[in-house]
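Report on the following structure.
Naming convention: chains lettered A, B, ... in sequence-line order (proteins, then strands); numbering from 1 in each chain.
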Protein chains: 2
Amino acid sequence: MPEKVTIATVAAHAQVSRQTVSNVLNSPHLVREETRVRVQEAIATLGYRINQAARQMRTGRSRLLAVRIEPTRDGINGSVLDRFLHGLTFAAAAAGYRVMLYTADDDGDEIKTFEDLLASHELDGFVLTGTDHGDVRTFWLAERGVQFVTFGRPWDEPERHSWVDVDNADGTAQATRRLIETGHRRIGFIGWPAGSGVGDDRRDGWQRTMKAYDLDPAGLDRGAPDGIAQGAECARDLLTTPEPPTAFVCASDSLALGALQAAGGRSAVIGFDDTPVAEAIGLTSVSQPLPDAAARCIDLLIDHLDGNPVGTSQVLLKPSLVVRTTA
Amino acid sequence: MPEKVTIATVAAHAQVSRQTVSNVLNSPHLVREETRVRVQEAIATLGYRINQAARQMRTGRSRLLAVRIEPTRDGINGSVLDRFLHGLTFAAAAAGYRVMLYTADDDGDEIKTFEDLLASHELDGFVLTGTDHGDVRTFWLAERGVQFVTFGRPWDEPERHSWVDVDNADGTAQATRRLIETGHRRIGFIGWPAGSGVGDDRRDGWQRTMKAYDLDPAGLDRGAPDGIAQGAECARDLLTTPEPPTAFVCASDSLALGALQAAGGRSAVIGFDDTPVAEAIGLTSVSQPLPDAAARCIDLLIDHLDGNPVGTSQVLLKPSLVVRTTA
DNA sequence: TTGTAGGCGTTATCAC
DNA sequence: GTGATAACGCCTACAA
């Protein structure tokens, strides 16, 4: 059982006062080169590590970040969170922060958890995944001066807070371009009902690209809640029109899977999110740069925590198309 | 900006000493009913919450648990972790603990992280997901008296530490029984190469059930690394034998998906893990009770932390068969 | 049953 | 450039 190594142990070993050790740790420039080296050697040989609880008592900062873990989202699209969490944890550790998890049933419950986390553990910041229109959580946090970053932009007022997001429109544009380049002219879009920021953005990318190539998108898009059955339904609907599409761009892998089943291999299909399902069945899909997005979230958050009072920052990342066998 | 509410604030408000407040919190039985109520009212109206950092300084316990987040496991089977993490976080919160995440490249790296987490944040315990034969991590932790529970049993020496696991053999037994009851007699098994605890266990369940029904399993099983292509390969191999199977029990959804593709709808197929992929394509699959497993992990860990020195405990949970369209 | 005193490990302040 | 002192909020003796 190795005894506890505190700043006092190090100080004794290096023949300096505790304060000097603290200075080496927090304000190295104040300490003479020679002393600094001696202290650092002592730290290394003793295996000293800062006690975060004690430091937190003094500084009021915990070096803890929190992120919510969802119960299991909409099955097929859920596993995006895994990769994002890993990226967050990794990037946070590199910056000397740790990531704490919490659960919540809804926004109100989440705010209760904020209160608890803030009061009990003095959390330094939050990463929120996804924001609705007029998200109460972001207002609550901003009101109290709590730092946070969202993964997913606030559609109503983009500069209200810092966020990282993926350029959805660019993703569907890439998908549409790919289909056009492989000879398709009538390309359908299967997305979600109008009104969701993400969904509308994905539809836009398809629509704009069609027009850019002088192709008429009119009548070629359908919207339905996310799901395989819904995707199949939309695809069947489009396939029975007078001039049916020969390919589909879909707003999710779920919808794409449905389209694939409905088309029975006769149509090219591209999904969105590059979920494990896509990889499993060879579905060409738009992939979000999750580790990168996570790292940028941490960057932004830590910038704010370090008190760079630059207002808010926004980061928009480009997705990439993973070409497999369905398009 | 609400000022900081400490034990002193509460004490003043309730007209008692700080110590009495502390007693109400930690040893309520020492405090007279009337005083206790008054203090609790003060706590409620002031919204007081224990400062964990300060408490930790005194008690040496952080009420923090840690679990490793994987980079993204084997695609299709990865998303099991999501649900487990959610269960852990939920159960931990109910017991007054929080869950912290960490990443690691390998076992050695993970042990380095243990050291850091233990020294910097005084973590109370760890949940390890999966153990190899002769897992160095568990020895390291046990040696230092650090509490931990694994999800997945240590195959070489079951009682060496506490664990929670799912009865794999029971899962494949259920799958096999289902196929037999729906009329199949020649049932193949597609699993992993012999040598992995989990894989062998899943093969056992199938084999024992076949024998229990007087069916001969000889020559009906194949083993390959996990993957869709591998599953397809094994299925094709079995289907070209003189007496081919009419159904397959598979050790994973990946293998099952491959088998499904190879059989082209002519064979019944059951997978394992009930991943989103299974749900997406209607694959019948064995489902692990993840939230339950997570809760039991927390129970065990907290029992140990509370110093019930009962040695180690083991929990084996039964999986369930989710019947869909492929069997 | 309640109050008082001290210290957990760190850092900020202020002397030296 | 370095060192002493106090304080962060809490809990555990011990005393009243």
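Because its NZ or CZ atom is not both nearer than 6.0 Å to the ring centre of Phe151(A) and within 45° of the ring axis, Arg296(A) does not count as a cation-pi partner of that residue.
Side-chain contact check for Asn51(A) and Glu122(B): at least one donor-acceptor pair (N or O, by modelled atom type) lies under 3.5 Å.
In this structure, Leu30(B) and Met57(B) both approach DNA chain C, and ranking their closest nucleotides by distance from the 5' end singles out Leu30(B). Both Arg36(B) and Leu25(A) sit near DNA chain C, but only Arg36(B) has its closest nucleotide nearer the 5' end.
Distance check: Arg36(B) CZ to Leu30(B) CG gives 10.0 Å after rounding to the nearest 0.5 Å.
OP1 and OP2 of dC10(D) both lie 4.0 Å or more from every side-chain N or O belonging to Ser22(B). Between Arg18(A) and the phosphate of dA4(D), there is no side-chain N or O to OP1/OP2 separation shorter than 4.0 Å. Proximity of Asn51(B) to the phosphate of dC10(D): no side-chain N or O atom is located under 4.0 Å from OP1 or OP2. Dashed line: the shortest gap from a side-chain N or O of Thr35(B) to OP1 or OP2 of dT2(C) is under 4.0 Å. The shortest distance between the side-chain N/O atoms of Thr6(B) and the OP1/OP2 oxygens of dG9(D) is not below 4.0 Å. For dT11(C), the OP1/OP2 oxygens have a side-chain nitrogen or oxygen of Arg55(A) closer than 4.0 Å.
Residue side chain Arg58(A) reaches the base of dT11(C) through a donor-acceptor N/O pair under 3.5 Å, judged by distance alone.
One atom, CD of Glu33(B), and another, P of dT2(C), lie 11 Å apart when rounded to the nearest Å. What separates CD1 of Ile50(A) from C1' of dT11(C) is a distance of 10 Å, to the nearest Å. Rounded to an integer number of Å, the gap from Gln56(B) CD to dC10(D) P is 13 Å. Taking atom CZ on Arg32(B) and atom C1' on dT2(C), their separation rounds to 9 Å, with Å as the unit. Rounded to whole Å, the distance from CG on Asn26(A) to C1' on dT2(D) is 16 Å. Atom CD of Glu122(B) and atom P of dC8(C) are 13 Å apart (whole Å). Here the C1' atom of nucleotide dC10(D) and the CZ atom of Arg63(B) are 13 Å apart, to the nearest Å. Rounded to whole Å, the distance from CD on Glu34(B) to C1' on dT2(C) is 13 Å.
Side-chain atoms of His86(B) and Thr103(A), non-hydrogen and from C-beta on, do get closer than 4.5 Å to each other.
Contact detail for Thr131(B) and Gly152(B): the closest heavy-atom pair is OG1-O, 3.7 Å.
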